[in-house]
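Quick caveat, the model's predicted, so the values are computed rather than measured. Both ligands and their constituent atoms are indexed starting at 1 by order of listing.
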Amino acid sequence: MIIAVDGPTASGKGTIAKALAAHFGLPHLDTGLLYRAVGHQVALHGGDPDDAADALAATQFPEGLLADPALRSEVCGGLASQVSVHSAVRAALLERQRAFAAQRGGAVLDGRDIGTVIAPEAEAKLFVTASVAARAQRRWAEMLQRGEDAAHEAIAADLAARDARDAARTAAPLRQAADALLLDTSALSPAEAIAAAIMLVDGKIAAQGTAR
Ligand code: C5P
């Protein structure tokens, strides 16, 4: 079974995807990490994330980079959003993600275009979202834990800008797949959001069983 989890930054999709993977005993791929690694690699080499050739060259990042905690920073998130606009970058990362999705037994992938581009055949698709205010509040708490400091307004503005860039780009924009189930986590705790996600996937599996 392939489970596709898409949604904007700080919607809770990563936490939900990880929990779904544990619950259903499936491997999990955080595809945002691949784009973050590309963004970080561009910066390390003094390249320009808005330049397609520089960004494409950075898709050859060393595997070890994926374990670098620096990838979790806001700066890397911004760089990832910039490099992910280039269709050549998306194409270079496509096979790796498709192969992960197609492995025997299935997988859980989270990102922006899993249900629409990477695994349109996924048996269960969730589109996880939350209000900008709720996401800014979560991001602020996460940053505080990491010892980073930022004003609430700046975080909200950055989230809104990143949403706009992810949704407006021509290559695989962020959008809900027609057959994805919507999960709004604005008013939910992580445990409630996970429980809701498991219920939605269980419902989808049951419906497919009935349809067969
Ligand atoms: O999910 P995360 O915040 O780690 O993603 C960082 C950035 O990578 C996103 O803002 C988005 O621009 C890009 N991304 C993407 N497609 C994916 C996953 C992430 O374009 N499947």
Step-by-step side-chain contact (heavy atoms from CB on, under 4.5 Å) determination, Met1 to Gln208: CA-CA 12 Å; Met1 168 174 64; Gln208 280 161 4; over 6 Å; no
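Atom numbering of ligand 1 starts at 1 in the shown order; those under 4.0 Å from a heavy atom of Arg169 are 12 (O), 15 (C), 16 (N), 20 (O). Numbered from 1 in the order shown, with element, the atoms of ligand 1 that lie under 4.0 Å from a heavy atom of Lys13 read 1 (O). Near Ala80, with a cut-off below 4.0 Å to any heavy atom, the atoms of ligand 1 are 6 (C), 7 (C), 8 (O).
Ser81 and Arg162 are not linked by any side-chain donor-acceptor pair at a separation below 3.5 angstrom, with hydrogens and angles left out of the test. Inspection of the Thr116 and Arg175 side chains reveals no N or O donor paired with an N or O acceptor under 3.5 Å. Side-chain N/O atoms of Thr15 and Arg138 include no donor and acceptor closer than 3.5 Å.
Within 6.0 Å of CD in Glu121 there are more than 12 heavy atoms belonging to other residues, nucleotides or ligands. Counting non-hydrogen atoms of other residues, nucleotides and ligands closer than 6.0 Å to CZ of Arg72 gives a total of 12 or fewer.
The single protein non-hydrogen atom nearest to atom 12 (O) of ligand 1 is Asp166 OD1, 2.7 Å, given as residue, atom name and distance. At the shortest separation from atom 4 (O) of ligand 1 among protein heavy atoms lies Arg36 NE, 2.6 Å. Looking only at protein heavy atoms, the nearest one to atom 18 (C) of ligand 1 is Thr31 OG1, 3.5 Å. The nearest heavy-atom contact from the protein to atom 8 (O) of ligand 1 is Tyr35 CB, 3.6 Å. Among protein heavy atoms, the minimum distance from atom 9 (C) of ligand 1 is reached at Arg112 NH2, 3.2 Å.
Remark: side-chain polar atoms of Lys125 are paired, donor with acceptor, to backbone N or O of Gly115 under 3.5 angstrom.
For the ligand labelled ligand 1, residue Arg90 lies inside the 4.0 Å heavy-atom shell.
By the 3.5 Å distance cut-off applied to N or O atoms, Asp110 is not counted among the residues near ligand 1.
When the options Thr129, Asp163, Thr185 are evaluated for a side-chain hydrogen bond (donor to acceptor under 3.5 Å, both in side chains) with Arg135, the one that passes is Asp163.
Using a 4.0 Å cut-off between heavy atoms, Ser84 contacts ligand 1 through its side chain alone, with no backbone atom that close. The proximity of Glu74 to ligand 1, defined as any non-hydrogen pair under 4.0 Å, does not occur for either the backbone or the side chain.
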